[in-house]
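Written out below as structure tokens is the structure these notes cover.
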Protein chains: 2
Amino acid sequence: MPDTHTPQKNHLLAALSAEVQERIFPFLELAPMPLGKVLYESGAAEHHVYFPTDSIISLLYVMENGASAETAVVGDEGMVGIALFMGGESTTSRALVQSAGFAYRLPGKRFKDEVSRHGDLLFLMLRYSQALITQMAQTAVCNRHHSIDQQLCRWLLLSLDRLSVNQLVMTQELIANMLGVRREGVTDAAGRLQKEGVIEYHRGRITVLDRAKLEQLSCECYAVVKAETDRLLPRVQPGSVQ
Amino acid sequence: MPDTHTPQKNHLLAALSAEVQERIFPFLELAPMPLGKVLYESGAAEHHVYFPTDSIISLLYVMENGASAETAVVGDEGMVGIALFMGGESTTSRALVQSAGFAYRLPGKRFKDEVSRHGDLLFLMLRYSQALITQMAQTAVCNRHHSIDQQLCRWLLLSLDRLSVNQLVMTQELIANMLGVRREGVTDAAGRLQKEGVIEYHRGRITVLDRAKLEQLSCECYAVVKAETDRLLPRVQPGSVQ
DNA sequence: TTGAGTCTGTACGCTATCGAACAGATGACT
DNA sequence: AGTCATCTGTTCGATAGCGTACAGACTCAA
């Protein structure tokens, strides 16, 4: 229901000053984000930037043999397409819709123009970029040191934070692709969580029943990323960049 | 031998326009980088930025239990301290000297002033940041999918690219800390490489004998990071930002 | 209602890596 | 020359995750 969408649902857009909002908002286009849609392909020039509202976008790297691993996830707290203002125009990642919903998109050229015109906008983008960097670094650490069980908890929490409901539409196969593990590994881990009463799994629908337990079972990586994101991008009064 | 050091040995400093060089270089201080020195600690404010010449700096995350994993490595192609212009002032990583040498350092405040004054400088920093992001993302992928053998090859190549000689001063214990694996795992992998005649290991000194073979045995991750870094930061005529 | 397709659960052997313990080799220092 | 700390090599059992295979359960559409 696009009617209920407003640009302010995206935290970055909401944080912009009235002046920047006035210049940018007229060019925003509300775009549906169906599950599985590919926004960017590795190495391809990015023509738009995307500000998710209720959708979740995965940044993942696809190896030569087709296996993949998620390096970061983007929801209403962020944006997809930082390569545009970073100057690289493309990245080695694929951006994939992980949870269906909507996002506002803006032509890349206009975005770049506005970034170079407004210091505020640039500084906000930079802080967000740092939060994204933290997430990638932590993903690397997590991939090295933590069990699938812990990583599943982390991943569920990251997704949950970007949704307004406690239910995810997501098959175990897809989660496995994100985490870069086998589907069976996810089945095992999810089975254990279900037995503990933390989640309820039902054919592509996960309902989180006990978020506190989930945080407790997760590795430290979730908390580190959350704390750093909150530090770098505190929720501000809509319409100001604080 | 600091006499032979010039700021231009760092590629980023070399790429700056004459104007920016004139403003910045007087404030650069050549600082020794002894093995094991900690430049930044996780969460602590960063007071200087560092431009390595012949030293190599590891960015690594240290977990609550003390185990660690490297997320990126910085040499003469880059700088340490991007959080300063990103606006976060600190990061969740520790910056540690991985290979002794020198670096030019600049007070953080001055760096920030110059970045805000010169668009060129900012754009260069942004492109470098994107290269760093690529490296972190690829580290995450590599940690998930590749064997210790492959990762050791990748790591040796990344180090080699940042040194002017084909010898690294580095114990297996330290490499293990960087890769986030056991020391014995590194011993095994290095033993195999030695048997193949690719490297020669001798009490904290690794000599690379056959770089081509090393590249062949490495996973794709090294090539991906190298290609993207070269794309984002092509070697330019010293003194221009192209 | 029935069948096809999709999703989840389970089993099995295999391998890489871990954790712990220890032995030998080397180089630095006295 | 002898001592000691450090570095490297090796072993052993334990285990997490992989690859493969397949069965049952659910959904949707014909």
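Every value quoted in this text rests on a predicted model; they were computed, and no experiment measured them. Letters A, B, ... mirror the listed sequences (proteins, then strands); counts begin at 1.
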_First of A/E173 and B/G185 reached from the 5' end of DNA chain C, by closest nucleotide_ = A/E173
*Just how far, in rounded Å, is P of C/dT8 from CZ of A/R205?*
11 Å
_A/R203, nearest nucleotide to its side chain (from C/dT26, C/dC7, C/dA20)_ = C/dC7
_For atom CD1 of B/I206 and atom P of D/dC7, their distance in whole Å_ = 13 Å
*Which listed nucleotide (C/dT17, C/dC7, C/dA20) is nearest to the side chain of A/T171?*
C/dC7
*Can you find a donor-acceptor pair, distance only, under 3.5 Å between B/E184 side chain and C/dA21 base?*
yes
*Please determine, for the side chain of B/T187, which listed nucleotide (D/dT10, C/dG27, D/dC18) has the closest atom?*
D/dT10
*If you check every side-chain atom of B/R182, which of D/dT10, C/dC18, D/dC7 has the closest atom?*
C/dC18
*Indicate the atoms forming the closest heavy-atom contact of A/F102 with A/M33, along with that distance.*
C-CG, 3.9 Å
*What's the shortest heavy-atom distance between A/Q151 and A/H146, and which atoms?*
NE2-O, 2.6 Å
_Value in whole Å for how far the P atom of D/dT15 lies from CD of A/Q150_ = 17 Å
*Measure from the side-chain heavy atoms of A/R183 and tell me the nearest of C/dA20, C/dT10, C/dG27.*
C/dT10
*Between A/Q172 and C/dG9, does any side-chain N or O lie under 4.0 Å from OP1 or OP2?*
yes
_Spacing between A/I148 atom CD1 and C/dA16 atom C1', to the nearest angstrom_ = 14 Å
*Do B/Y222 and B/Q150 have side-chain N/O donor and acceptor atoms under 3.5 Å apart?*
no
*What's the NE2-P distance between A/H145 and C/dG19, to the nearest Å?*
10 Å
*Could you tell me the separation between the CG atom of A/N143 and the C1' atom of C/dA16, rounded to a whole number of Å?*
16 Å
_On DNA chain D, does the nearest nucleotide to A/H146 precede the nearest nucleotide to B/D188 from the 5' side, or the other way round? Give the residue._
B/D188
*So what does B/G204 hit on the nucleic acid, given a heavy-atom distance under 4.0 Å: a base, only sugar-phosphate, or nothing?*
sugar-phosphate
*Establish, from distance only, whether the side-chain atoms of A/S90 and B/R231 form a donor-acceptor pair under 3.5 Å.*
yes
_Where A/V49 and A/G81 come nearest, the two heavy atoms and their spacing_ = CG1-O, 3.8 Å
*In whole angstrom, give the distance that lies between atom CZ of A/R144 and atom C1' of D/dG17.*
14 Å
*Could you give the NE2-to-P distance, from B/H202 to D/dT8, as a whole number of Å?*
10 Å
